[in-house]
Amino acid sequence: METINPKLVEIKIISEASKMFGIWGHDQAAEITYYGLHALQHRGQEGAGIVASNGQALKLHKKVGLVNDVFNRAELQKLGGRAAIGQIHYVVGENRGQENVQPHLFRSQTESLALCHVGNIMNAHELRGQLEDNGSILQTESDTELLAHLIKKNGKKTDEKAIADALKQMTGAYAFLILTEDKMYVALDPHGIRPLSIGRLGDGYVVSTETCAFDIVGATYEREVVPGELITISDQGIESVRFLPQKKRKLCAMEYVYFSRPDSDLNHVNVHASRKRMGIELAKEAPVDADVVTGVPDSSISAAIGYAEESGLPYEMGLIKNRYVGRTFIKPTQELREQGVKMKLSPVRGIVEGKRVIMIDDSIVRGTTSKRIVRLLKEAGATEVHVRIASPPIKYPCNYGIDMSTKDQLFAANFSHEEMVREMGADSLAFLSEAGLKKAIVCDDSMNQGICTACFTGEYPVKPPQASKVTQC
Ligand code: SF4
């Protein structure tokens, strides 16, 4: 019997660190941030936190757990405030303690400073060493704390210049939200590898890593944060400077392929629409004679609809996801864990039995899930299973905040095409080309809609500094 590593099955793909939401100028800042974080819960389940400002002081509440478990009405009322920043947290590696949940709050005699961050600081190791050599004592393993120490170096006051000077020392992919008693700052790396948008809610401003959070809180989308931009929001309004020259946009392609919610727009492109186009391009590139098209819920459904539409085959719900299964990898025995995996995805026998099935998946990282699903479909009576992947093969690690940092974990990096087909037990396998992916995401140069495709191509837009140890936040 095949042994499945249920932890890999559970997370399916990597999982990106953390997402965040901020608001300025609203009487229910903490409550609105709670709802914003709720909309981003799909991006991390390890912890959540909010820091709110009432103009005189910052208050923090954070804990390990789901947004719903971390906050209740009383906690939100205690936070109060007219401005807030918050984060939902995904933990990479062993950094599961509450001390690593963000935002981080630092107090001094003159002012307080709260920060949250998504992405990966590639020269964190060097910066940490330099700070420690100069007497700083860091309390967490998070890259976010580094920025606080760099800003406050030599007793500086937190202002635009101190933040810009600190950001200039960082290399990598990052988006930061920073809150003081009287200002909120928003910053994005020069390539804009992580998404970040600004919206309006009444007279106030909201900021989010995904626009779906704007819809949930009733805000309207205003604009993208420009790569290399530092925005200051206060009661005096909004100001913007470039702390580094804007470079060609390299927004993470996996945001479109897998991470983001289908109702989010990233850099003016709707995620569902782009996934549907990935399915259309895939059907043009890799047609196959079959009876029915199905998608792996939830992130592959849009691509499966596109594939079915283009191929003229019926789209059917051949797989059902049970939303009430807990986290399978924490079950105490291997037997229970495997049962948990089986409970999570079920084939619909009445749909697939006696049929030649095209199974659309958004991506393959470790290959474990795809293998499992092919087997489930065949056990349910599918006569053939043709696997079609709505993105190119992932062959290279990500250095920019996505937890796939070693090549030996990657299915497509370690097996030939024929070996992958055999390992999966599929009747055929095809991936979308890089050109097809770019066409689906639009990538209009006149709108600076370029994407990062480094995990498919090995062409990294930001090179790690020499001798740097790449760490994930
Ligand atoms: S390497 Fe892949 S996962 Fe990482 S930022 Fe680029 S596209 Fe996204």
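Whatever order the structure lists ligands and atoms in, that order sets their numbers, starting from 1. Heavy-atom basis, side chains included; hydrogens, waters and symmetry copies ignored. The model shown is predicted, which means the values in this text are computed figures rather than measured ones.
The nearest N, O or S atom of Cys398 is closer to atom 4 (Fe) of ligand 1 than 2.8 Å.
Every atom of ligand 1 is numbered from 1 in the order shown, and the set under 4.0 Å from a heavy atom of Cys252 is 3 (S), 5 (S), 7 (S), 8 (Fe). Remark: ligand 1 atoms within the under-4.0 Å shell around heavy atoms of Ala253 are 7 (S). Under a 4.0 Å criterion applied to the non-hydrogen atoms of Tyr400, ligand 1 contributes the atoms 5 (S). Shown in contact with Met254 at under 4.0 Å from a heavy atom are these atoms of ligand 1, numbered in order with element: 3 (S). Listed by atom number, the atoms of ligand 1 under 4.0 Å from Ala454 heavy atoms are 1 (S). Ligand 1 places these atoms under 4.0 Å from at least one heavy atom of Cys455: 1 (S), 2 (Fe), 3 (S), 7 (S).
Counting heavy atoms from C-beta on, the side chains of Phe431 and Ile364 come closer than 4.5 Å.
When only modelled atom types and interatomic distance are considered, Tyr34 and Asn68 share a side-chain donor-acceptor pair under 3.5 Å. Side-chain contact of Thr232 with Glu239: a donor-acceptor pair under 3.5 Å is absent, judged by distance alone.
Without hydrogens or angle criteria, Asn123 side chain to Glu126 main chain gives no donor-acceptor distance under 3.5 Å.
Within the model, atoms CG of Leu147 and CG of Leu115 stand 5.5 Å from one another, a figure rounded to the nearest 0.5 Å.
By the 30° and 60° cut-offs, the orientation of the rings of His117 relative to Phe176 is parallel.
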